[in-house]
Amino acid sequence: MPSFPVPRTYRVKSFGCQMNVYDGERMAELLDAQGLSPASGEDADVVVLNTCHIREKASEKVYSEIGRLRREDGSAPLIAVAGCVAQAEGEEVMARAPLVRMVVGPQAYHRLPAMLERARGGERVLDTDMPAQTKFAALPERRRAGPTAFLTVQEGCDKFCTYCVVPYTRGAELSRPFAQLVAEAERLVGAGAREITLLGQNVNAWRGEDEKGREVGLEGVIAALARLPDLARIRYTTSHPRDMREPLIAAHGEIDKLMPFLHLPVQSGSDRVLKAMNRGHRAEDYMKLLDRVRAARPDIALSGDFIVGFPGESEAEFAETLALIDAAGYAQAFSFKYSARPGTPAATMPGKIAPEIMDERLQRLQARIGQGQLAFNRHSVGRRCAILIERRGKLPGQWLGKSPWLQSVHVIGDARIGDLVPVELTGAFANSLSGTAIAASPAPAPA
Ligand code: 5AD
Ligand code: SF4
């Protein structure tokens, strides 16, 4: 059995969704607490590949990444495969990739330090348990935060959309306790976060008791975080239309720190396809929901996810999706070609769509979304708002940050990272805006 010297450095590479980014940060903190330091170069003694299983392409990436880690002398770092590929096909990863020493599922990574110890002795260790006791209580406190931070409040999914692996890889819906979330948010703000994005596969399904013991939904967490004086902005993602309840909608009109942005995937505009996807809502329900959200917050920026080429999707059904896009008015959206995932009900449905048809539909859909996005950005020109500065731009005196509507903005002016700078938006492009810092305080606008 090979044994490894005491590891001193680590690297965590996350793929896929924002929840993986959050898990990657927490794994890094665990390794910090073991006395390891983040590797500055490419090479590290421990490498964690935090994987995504949502589509086939994402899933296959892990094997090419592993291959790349073999050094010229044939040696390799201590490699851990984490995330949803680990959960879904951990045994297969072990069999297919002998370089992998550890496989750890998304609900078990708090045990990474103990696994590392065993792996160092030469064992190959697999832990894909979904323990009833959550990992969160076992993780070290947050110490690092940039101006924008992620906070996972909810995990898992009980919706079982027929195309999706998440209910199998992330398990049942689970809401973290209210007090734990407020405490973590306080730590993040103490470490410098000005904006917190609350994360969950079904974030708006969060349920719990607030500090007074009242049953609340996500709006209760948002209200509590809004009371932290140094926190300027709150966001949340991803929401399911079926869990979008009145108090959360109302919060968009009542809580200034809650940003005017909503990621609300619909996936398709065809009722037949929505039914086959087991989404639990029709296109009309979604449109009515948008009316209610816009009544509470007229300027809200809408974002979504779309799947093209779901089994049996006809040209007419695809046209219904395009029509919904026009009617809904998206500020941005993500779109994907349907990818059959082993073990999901849709994988065995008849009516496979040919790859060239999927390609062509995806292009048409993305063009439509691009038009909407440009229109939304153009509509913002002339507005004054605060931009949260995240990093330096490429040009001298230029900074990059986000508007309340989550647009990327290149700002010219005096600023520092973490500042909320009053800006006049001056130019619009497909994926970003330009703006100039203004000295005077901005016209009433969201922070
Ligand atoms: N094929 C294509 N896209 C998928 N998504 C989820 N599962 C699949 C799949 N099997 C998309 C959905 C979801 C987003 C995160 O990924 O649009 O909202
Ligand atoms: Fe997957 Fe549907 Fe759950 Fe979203 S709601 S994670 S798409 S099963």
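Whatever order the structure lists ligands and atoms in, that order sets their numbers, starting from 1.
- Of the candidates Ala340, Ser339, Pro265, Ala347, it is Ser339 that places a heavy atom closest to atom 1 (N) of ligand 1.
- A ring-centre distance under 6.0 Å is not found for Tyr236 and Phe261.
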Check residues 214-226 and write down every donor-acceptor pair under 3.5 Å in which the side-chain atom is one partner and the other belongs to a residue at least two apart or another chain.
| residue | atom | partner | partner atom | Å |
| --- | --- | --- | --- | --- |
| Arg214 | NE | Asp210 | OD2 | 2.8 |
| Arg214 | NH2 | Asp210 | OD2 | 2.8 |
| Glu219 | OE2 | Gly217 | N | 3.0 |

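- An N or O contact shorter than 3.5 Å is missing between Arg341 and ligand 1 by distance.
- Between the side chains of Thr197 and Gln18, no donor N or O sits under 3.5 Å from an acceptor N or O.
- The shortest N/O to N/O separation between Arg55 and ligand 1 falls below 3.5 Å.
- In summary, the atoms of ligand 1 found under 4.0 Å from a heavy atom of Tyr338, numbered by their order in the structure, are 1 (N), 2 (C).
- Numbered from 1 in the order shown, with element, the atoms of ligand 1 that lie under 4.0 Å from a heavy atom of Gln267 read 12 (C), 13 (C), 17 (O), 18 (O).
- Using a 4.0 Å cut-off between heavy atoms, Tyr163 contacts ligand 1 through both its backbone and its side chain.
- With Phe306 as the partner, the ring-ring contact (aromatic ring centres under 6.0 Å, His included) test is satisfied by one option alone out of Tyr163, Tyr330, Phe334: Tyr330.
- In this structure, Arg176 fails the cation-pi test against Trp206, since its NZ or CZ atom is not both closer than 6.0 Å to the six-membered ring centre and inside 45 degrees of the ring normal.
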